[in-house]
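Position 1 is the first residue of the sequence, and the numbers go up from there. Computed over heavy atoms, backbone and side chain alike; hydrogens, waters and symmetry mates excluded.
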Amino acid sequence: MARILHRFLPAAETDIEIETGSADELSYTAASMQGWRKNQEDRYICLPNFYENSCYFGVFDGHGGFVVAEFLKRRLHVEIKYFLRDGQDTETALHSGFLTCDSSMRTPETIDELNSIIEEHFGSSSDDDDDEDSSSSDSDEEIRQPAFACGSTATVAIIENNTIYVANVGDSRCVLSRDRIAIDLSKDHRPDDLEERIRITNAGGTVSQDGRINGSLNLSRGFGDFRFKSTCDTTQQMLSVEPFIKSIAIEENDEFLIIASDGIWNSMGSQDVVDFVTERFQDEECDLEEICKNIFHLNLSPNPIKEGTGCDNMTAIIVMLNNAENL
């Protein structure tokens, strides 16, 4: 019991950070709430003018500290844009950007940048109190390399020329509402999935009965966490950063897109969230900001003893598409 309670605040932090904006025929609202966690390790980014009339949205759920998630907020879109400018198509640029951004965190220059990010914020990397990664005995290496025992999911969406491109690692999810039906555009990466388990064991790791790499990390793909990564092929390590990528053409009956951290998805399924947003949107007095707040408060646990459900940081971006008026 004491081990559970030390991860949480005496009272949930329910202040909600809100960002709103629009571009062409879409509008968006992003929201983030710390909740019961001692630290806010989620990050998000919204770039309505990303590259050549495209929009970029991303959610990054950190664990073992905030620094990798913050780095992705600042850097991942820069890497992706570099490859777009270099002539790569959007899906290839997403793939290249993910791999390059992760490997860059091993360089001395980026290690200095990670340490600077830490100094800007709290003066230390983490309390190491997150669900995904519950233990670390590599303190010397962690001090030298902030991303050694700290990592993050990443789910990003680029909306370009009436097409949605999504890339993700980890379990932050992107869902499209099409005619009020949920369509998952991302994939939750878990160590006990067969494909993931095979890669992990081939790389010398194990998957515990509760679905964790070497009994520690309950994600099979993600940024950082270099203690689970050798210098071999980046796609064949215990923890891979190779993204799942999906593209889909926007149709007339597409209403909205939602990208959220697992603080939402641990409590609600994809269709549950689509139904919730759709029902609230029909209330003329309930705007996107209010809908985000309602989702957070619905999922917030009244008691942190219920660890894993309603006790995590929560972040969501809702992007209303051109058919939103039909909701």
If I take atom [atom1] from residue [X] and atom [atom2] from residue [Y], how far apart are they, to the nearest 0.5 angstrom?
| X | Y | atom1 | atom2 | result |
| --- | --- | --- | --- | --- |
| E17 | M33 | CD | CE | 12.5 Å |
| F8 | D312 | CZ | CG | 8.0 Å |
| R197 | N202 | CZ | CG | 12.5 Å |
| C55 | N49 | SG | CG | 7.0 Å |
| F71 | C101 | CZ | SG | 4.5 Å |
| R199 | M238 | CZ | CE | 10.0 Å |

No-hydrogen, no-angle side-chain donor-acceptor test under 3.5 Å, [X] and [Y]:
| X | Y | value |
| --- | --- | --- |
| E255 | T278 | no |
| R173 | S270 | yes |
| N168 | S186 | no |
| S32 | D42 | no |
| N115 | E119 | no |
| S216 | N214 | no |

Closest heavy-atom contact between [X] and [Y]?
| X | Y | value |
| --- | --- | --- |
| Y44 | A30 | CE1-CB, 3.4 Å |
| A157 | L257 | CB-CD2, 4.0 Å |
| G222 | D102 | O-OD1, 4.4 Å |
| S247 | Y165 | CB-CD2, 3.6 Å |
| T153 | G170 | CG2-CA, 4.0 Å |
| D61 | S261 | OD2-CB, 4.0 Å |

Whether F223 and F98 hold their rings parallel, tilted or perpendicular, with breakpoints at 30° and 60°: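 Rings of F223 and F98: tilted, 30 to 60°.
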Short side-chain to backbone donor-acceptor contact, [X] and [Y], under 3.5 Å:
| X | Y | result |
| --- | --- | --- |
| H95 | E91 | no |
| Q271 | A182 | yes |
| E52 | S54 | no |
| T110 | T107 | no |
| D287 | E290 | yes |
| Q34 | K38 | yes |
| N218 | G211 | no |
| Q145 | M105 | yes |
| T100 | G97 | no |

For V273 and W265, run side chain to side chain contact (heavy atoms under 4.5 Å, CB included): C-alpha distance rounded to whole Å, both residues' side-chain angles, the deciding distance at 0.1 Å, then the answer. CA-CA 9 Å; V273 172; W265 308 116; 3.5 Å; yes
Is there a path of hydrophobic side-chain contacts, each under 4.5 Å between heavy atoms of I, L, V, M, F, W or Y residues, that connects [X] with [Y]?
| X | Y | value |
| --- | --- | --- |
| L288 | I18 | yes |
| I164 | L26 | yes |
| F244 | L176 | no |
| F83 | V169 | no |
| I245 | Y56 | yes |

Taking it one step at a time, do F60 and I45 satisfy side chain to side chain contact (heavy atoms under 4.5 Å, CB included)? CA-CA 9 Å; F60 315 105; I45 185 170; 3.8 Å; yes
Between E109 and R75, does the salt bridge (Lys or Arg N to Asp or Glu O under 4.0 Å) criterion hold? Intermediate values first, please. CA-CA 13 Å; E109 295 80 9; R75 179 67 70 83; over 6 Å; no
Could you tell me if the side chain of [Y] sits less than 4.5 Å from the side chain of [X], heavy atoms only?
| X | Y | result |
| --- | --- | --- |
| H63 | D225 | yes |
| L219 | R190 | yes |
| N299 | N266 | no |
| S240 | R221 | yes |
| L84 | F50 | yes |
| D254 | E251 | yes |
| I16 | C292 | no |
| I181 | V274 | no |

Just do the side chain to side chain contact (heavy atoms under 4.5 Å, CB included) check on L185 and T155 with the steps written out, would you? CA-CA 10 Å; L185 301 184; T155 299; over 6 Å; no
Apply the test side chain to side chain contact (heavy atoms under 4.5 Å, CB included) to residues I80 and Y51: give CA-CA distance (whole Å), side-chain angles for both, the deciding distance (0.1 Å), then the verdict. CA-CA 10 Å; I80 294 168; Y51 177 72; over 6 Å; no
Quick one, K187 with E196, criterion salt bridge (Lys or Arg N to Asp or Glu O under 4.0 Å). Give me CA distance, side-chain angles, the key distance, then yes/no. CA-CA 12 Å; K187 181 178 180 180; E196 306 297 289; 5.3 Å; no
Please name all residues satisfying side-chain hydrogen bond (donor to acceptor under 3.5 Å, both in side chains) with T29, sequence neighbours left out, ordered by chain then number.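 Listed in chain order: nothing, the list is empty.
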Quick check on side-chain contact (heavy atoms from CB on, under 4.5 Å): which of I259, V166, L72, L94 does V156 satisfy it with?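 Exactly one candidate clears the test, L94.
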Lys/Arg-Asp/Glu bridge criterion (N-O < 4.0 Å) met for D210, R212: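 A salt bridge is present here (some side-chain N lies under 4.0 Å from a carboxylate O).
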Check this for me: N53, atom CG, are more than 12 non-hydrogen atoms of other residues, nucleotides or ligands nearer than 6.0 Å?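 No - once you tally the heavy atoms of other residues, nucleotides and ligands closer than 6.0 Å, there are 12 at most.
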